[in-house]
Amino acid sequence: MTYQHRHADGAPCTLPVGKVVCVGRNYAEHAKELNNPVPAEPILFIKPRTALVPMEQPVAVPRGQGACHFETEMAVLIGAALKDADEAQARAAIAGLGLGLDLTLRDVQDGLKAKGLPWEKAKAFDGACPLSVFVAPDRVANLQDVRIRLLVNGGTRQDGNTADMLTPVLPLLCYMSTYFTLEPGDVVMTGTPRGVGPLVAGDKLQVVLGEDLLTVNTIAV
Ligand code: ZN
């Protein structure tokens, strides 16, 4: 099925569906849990729009590719073009805030990293980016004080807060926009807190943004 961006209030979303620009290791505790150094500057990568699927639909775990890890992240929907942006422009361009899963074929990624090769096969495959609906940005008073949680089969696996980002949202958008023009309908994934782990077919997932801003229940298949 074709993916479309959706507003949480049900209002039609006229934005096209663009690319997804992601940041790796934007939370120090997550970098440590994978034995990665904390980066001196943001590590960027891109998922194509063919990676996007609605998070509420069953999340397909690729078969025969080793472990597929969940990484729960705050997702930012871009509503206006950003190129070499300043923070005021970046803030004004945010059209919505939501939840994303940066699905990662961890064994594939480890093999690629060991050889110094790009990560696309591990991060940019079809269905690699389930996205929730987006709430209006004015629902969030402080972009750097948003709780992000993932429960798997009722147990808390990730429980972080955007306060712990190494590069906060607005500087991150600015930094990204020096390399890649962010266009209306693009999505920025802001990194995952600690607690990532393998997704197994049959897992029931509950993903929560803020205390009660947005809750998505879904299942891995
Ligand atoms: Zn990630």
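Bear in mind that the values here come from a model prediction, so they are computed numbers and not experimental data. Just so you know, ligand 1 is whichever comes first in the structure, and atom 1 is the first atom listed for that ligand.
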Trainee: Consider side chain to side chain contact (heavy atoms under 4.5 Å, CB included). Of Asn217, Leu101, Val216, which one does Leu205 pass it with?
Mentor: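 So the option named by the test is Leu101.
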Trainee: Whether the side chain of Glu87 engages the backbone of Cys174 through a donor-acceptor N/O pair (distance < 3.5 Å, no angle test) should be reported.
Mentor: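 A pair under 3.5 Å: no.
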Trainee: Rounded at 0.5 Å granularity, tell me how far CZ in Arg6 sits from OG in Ser132.
Mentor: 7.0 Å
Trainee: For Leu97, which of Leu77, Leu143, Asp138, Val146 qualifies under side chain to side chain contact (heavy atoms under 4.5 Å, CB included)?
Mentor: Leu143
Trainee: Only protein N/O/S atoms count here: give how many lie under 2.8 Å from the Zn ion (ligand 1).
Mentor: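 Counting protein N, O and S atoms closer than 2.8 Å to the Zn ion (ligand 1) gives 3.
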Trainee: If we ignore angles and hydrogens, is there a donor and acceptor under 3.5 Å between the side chains of Thr104 and Gln109?
Mentor: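 Thr104 vs Gln109: no donor-acceptor pair found between side chains.
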Trainee: Do the ring planes of His5 and Tyr3 sit parallel (below 30°), tilted (30 to 60°) or perpendicular (above 60°)?
Mentor: perpendicular
